[in-house]
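Report on one structure; see the data block that follows.
Start at 1 and go down the list; that is how both ligands and their atoms are numbered.
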Amino acid sequence: MQLIEELQEDHKLIEQVLGSLRAFVTGRLEGRGDPADGIVFMEFFRRFAGEYHHAREEEVLFRALCEQAELPAERGPIAALTGEHRRMGEVLEAMAVLLEDPLTEEEPRGRLQALAVDYSRSLWRHIDAENSVVFPEGQEHLRQHHVRELDARPMTQAEEAAREAGVALVAAYPPVEDRDFNRGDGCIHCPSYGITCDGLEREWWTEQAWEDFEDRMSSD
Ligand SMILES: [Fe+2]
Ligand SMILES: [Fe+2]
């Protein structure tokens with residue numbers, strides 16, 4: 001599905017810019033880098049990641065999964081990922097305030113670092129959950145309901161500018177690798193697993209799929 005391929009392409013850039021953001025914040029706290037680039041990072045995440053990418057997921061893909069593939073909107077992966085979009089947006093805005101701060105006091109410095117770690121780790125794992133679970137499984141559910149493609153609006157000029165600025169940020173601030181943090185495929189690494197979502201099998205499998213599965217297990 002073209003939309004899913006495009007969303008996965010977006011993820012490749014977003015995950016790199018997250019690594020650049022971490023490099024930028026560490027540099028800022030050590031007096032390096034251009035403070036004005038803080039707003040460029042915020043524009044990338046607000047416009048490209050938020051208004052374009054997350055919005056296309058919610059308004060096109062997730063909506064189709066609910067309305068056409070009959071998956072639940074109010075619980076499970078769709079509710080969990082939508083909730084993560086909201087929470088990460090709040091973390092982003094808290095970070096935006098601190099990026100305007102002179103960062104001379106200990107308290108805002110520590111808070112900025114913690115927010116950058118929270119935002120990047122949350123969004124990395126969110127991306128992994130989408131790539132490894134919701135996109136492939138969602139595509140299969142849509143296929144079963146004879147939906148093979150979904151129409152989505154093109155990027156606006158402002159979103160395209162934010163995307164290009166993101167590419168430039170990756171070049172200016174080479175992404176750091178977060179060595180203390182594990183990423184991985186499947187529900188187990190998802191930030192919402194066990195909190196607001198019980199995982200794919202419990203949330204999306206139909207009773208028929210469970211019965212078939214149990215039949216298979218008992219006949220082995
Ligand atoms: Fe998402
Ligand atoms: Fe995404």
ask   = Can you tell me if His11 has an N, O or S atom under 2.8 Å away from the Fe ion (ligand 2)?
value = yes
The Fe ion (ligand 1) to nearest N/O/S of His53 below 2.8 Å = no
Donor + acceptor pair across side chains of Glu70, His141 (<3.5 Å) = no
remark   = In Glu57, the N/O/S atom nearest the Fe ion (ligand 1) carries the name OE1
Approximate separation, where rounding is to 0.5 Å, of Ser122 OG and Ile127 CD1 = 11.0 Å
ask   = Nearest to the Fe ion (ligand 1), which N, O or S atom of His85 do we find?
value = NE2
From Met42 atom CE to Glu100 atom CD, the distance as rounded to the nearest 0.5 Å = 9.5 Å
message = Between Asp10 and the Fe ion (ligand 2), is there a contact where an N/O/S atom of the residue lies under 2.8 Å from the metal?
response = no
key: Parallel, tilted or perpendicular, as decided by the 30° and 60° cut-offs, for the rings of His126 and His85   = tilted
ask   = With a cut-off of 2.8 Å, does Glu130 place any N/O/S atom under that distance from the Fe ion (ligand 1)?
value = yes
inquiry  = Suppose we call two aromatic rings close when their centres sit under 6.0 Å apart. Are Phe135 and His11 close by that rule?
reply    = yes
query = Under 3.5 Å, is there a donor-acceptor pair linking the side chains of Tyr52 and Asp10?
reply = no
query = Is the distance from the Fe ion (ligand 1) to some N, O or S atom of His54 under 2.8 Å?
reply = no
